[in-house]
Amino acid sequence: MTDTDASEDPNDEVQYHIEVAEGDVADAVLLPGNPERVDKITALWDEHEEVASHREYRTATGTYDGAPISVTSTGIGSPSAAIAIEELARVGVETYIRVGSCGAIQPEMDVGDLVITSGAVRQEGTSAEYVCEDYPAVADHEVVSALVAAAERLGHDYHVGLTMSADSFYAGQGRPGFEGFRAAGSESLVEELQEANVKNIEMEASALLTIANVYGLRAGAVCSVYANRITGEFRTEGESRAAETASLAVSLLARMDEVKREAGVDRWHAGLSL
């Protein structure tokens with residue numbers, strides 16, 4: 001192996017893309033897309049320290065409500081998100097929560113609401129490189145429960161349901177492209193998803209959930225509604241609500257894990273109390 005090959009070995013102690021090593025991050029990591037969201041998320045925490053910054057990947061570690069927590073930005077789309085998941089798993093991360101923005105496709109959903117993903121339609125291509133297209137993208141029930149409990153405690157309006165993840169912002173989400181270009185099927189895409197009771201569209205959740213399930217990790221997603229594709233309403237609103245909800249969910253998951261240890265069980269369930 002040449003020196004160049006060795007420097008690009010994804011199993012090196014310091015991960016090639018995200019530039020973190022074991023001990024740099026907590027067991028639970030929030031995954032925003034935009035690197036600028038890292039500062040907005042850590043502003044909510046008890047304390048934090050930035051531990052790495054390389055390309056689209058910014059990582060900080062700290063505590064929220066006494067629980068260890070980290071955040072790593074992933075950039076836009078599933079390919080770069082998958083790199084972050086892979087490399088975070090290599091340094092010991094077991095819990096992942098995507099914190100993002102989305103377009104709602106049900107008329108009763110307001111801009112600023114939260115969408116907690118229970119499962120995802122895999123219309124991105126990254127997860128297909130891991131497992132066959134029939135494999136479901138399902139959120140971990142403990143993560144979903146923690147996100148719901150967090151949103152309830154914080155008083156944020158939220159919806160729980162299916163998310164569609166696309167590989168492109170324009171053609172793949174039914175929007176016209178340059179000079180009005182329309183991809184095949186794009187004009188009916190949103191209507192068909194709406195009729196199937198899909199709640200929202202974004203670009204990373206299905207890859208995260210698929211990869212996490214393949215590796216036996218737990219993952220979920222919470223997104224702020226920036227636009228309602230049915231009503232035409234658009235505002236960049238609710239970003240801090242998603243960040244706060246995800247951060248509190250990590251604290252609740254830590255408590256769930258402690259309750260499980262005390263009860264001698266492997267999975268948290270409704271018969272256990274926080």
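Hydrogens, waters and symmetry mates play no part in the numbers below; they use all other heavy atoms, side chains included. Quick caveat: nothing in here was measured; it's all calculated off a predicted structure.
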Determine, for [X] against [Y], whether the closest basic-nitrogen to carboxylate-oxygen distance falls under 4.0 angstrom.
{"X": "Arg235", "Y": "Glu233", "value": "yes"}
{"X": "Glu94", "Y": "Arg218", "value": "no"}
{"X": "Glu22", "Y": "Arg90", "value": "no"}

**Request:** Can you establish whether the number of heavy atoms outside Leu44 located under 6.0 Å from its atom CG is more than 12?
**Result:**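 Enclosed: over 12 neighbouring heavy atoms sit under 6.0 Å from CG of Leu44.
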
**Asked** Take atom CD in Glu129; do more than 12 heavy atoms of anything else shown fall under 6.0 Å from it?
**Response**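 12 or below, so no.
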
**Message:** Grouping I, L, V, M, F, W and Y whenever their side-chain heavy atoms are under 4.5 Å apart, do Leu114 and Ile105 come out in a common cluster?
**Reply:**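 Leu114 and Ile105: separate clusters.
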
**Asked** Are Leu252 and Leu217 connected in a single hydrophobic cluster, I mean Ile/Leu/Val/Met/Phe/Trp/Tyr linked by side-chain heavy atoms less than 4.5 Å apart?
**Response**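 Shared cluster, no.
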
**Prompt:** What distance separates Asp167 CG from Met203 CE, expressed to the nearest 0.5 Å?
**Reply:**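 One gets 6.5 Å once the value is rounded to the nearest 0.5 Å.
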
**Request:** Find the distance between OG (Ser118) and CG (Leu162) and round it off to the nearest 0.5 Å.
**Result:**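 So the OG of Ser118 and the CG of Leu162 are separated by 4.5 Å.
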
**Request:** Return each pair, listed once, that meets salt bridge (Lys or Arg N to Asp or Glu O under 4.0 Å) where at least one residue sits in residues 52-76; pairs must be two or more places apart or across chains.
**Result:**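 The answer is Asp39-Arg58, Glu50-Arg58, Asp65-Arg255.
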
**Ser188 and Glu192 side chains, donor-acceptor separation under 3.5 Å** =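 There is such a pair (donor and acceptor under 3.5 Å, judged by atom type) between the side chains of Glu192 and Ser188.
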
**Message:** Which residue in the set Leu147, Val222, Val148, Val225 passes side-chain contact (heavy atoms from CB on, under 4.5 Å) when paired with Tyr158?
**Reply:**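 The single option meeting the side-chain contact (heavy atoms from CB on, under 4.5 Å) with Tyr158 is Val148.
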
**Request:** For Glu47 and Thr63, run side chain to side chain donor-acceptor pair (under 3.5 Å): C-alpha distance rounded to whole Å, both residues' side-chain angles, the deciding distance at 0.1 Å, then the answer.
**Result:** CA-CA 6 Å; Glu47 48 84 25; Thr63 60; 3.1 Å; yes

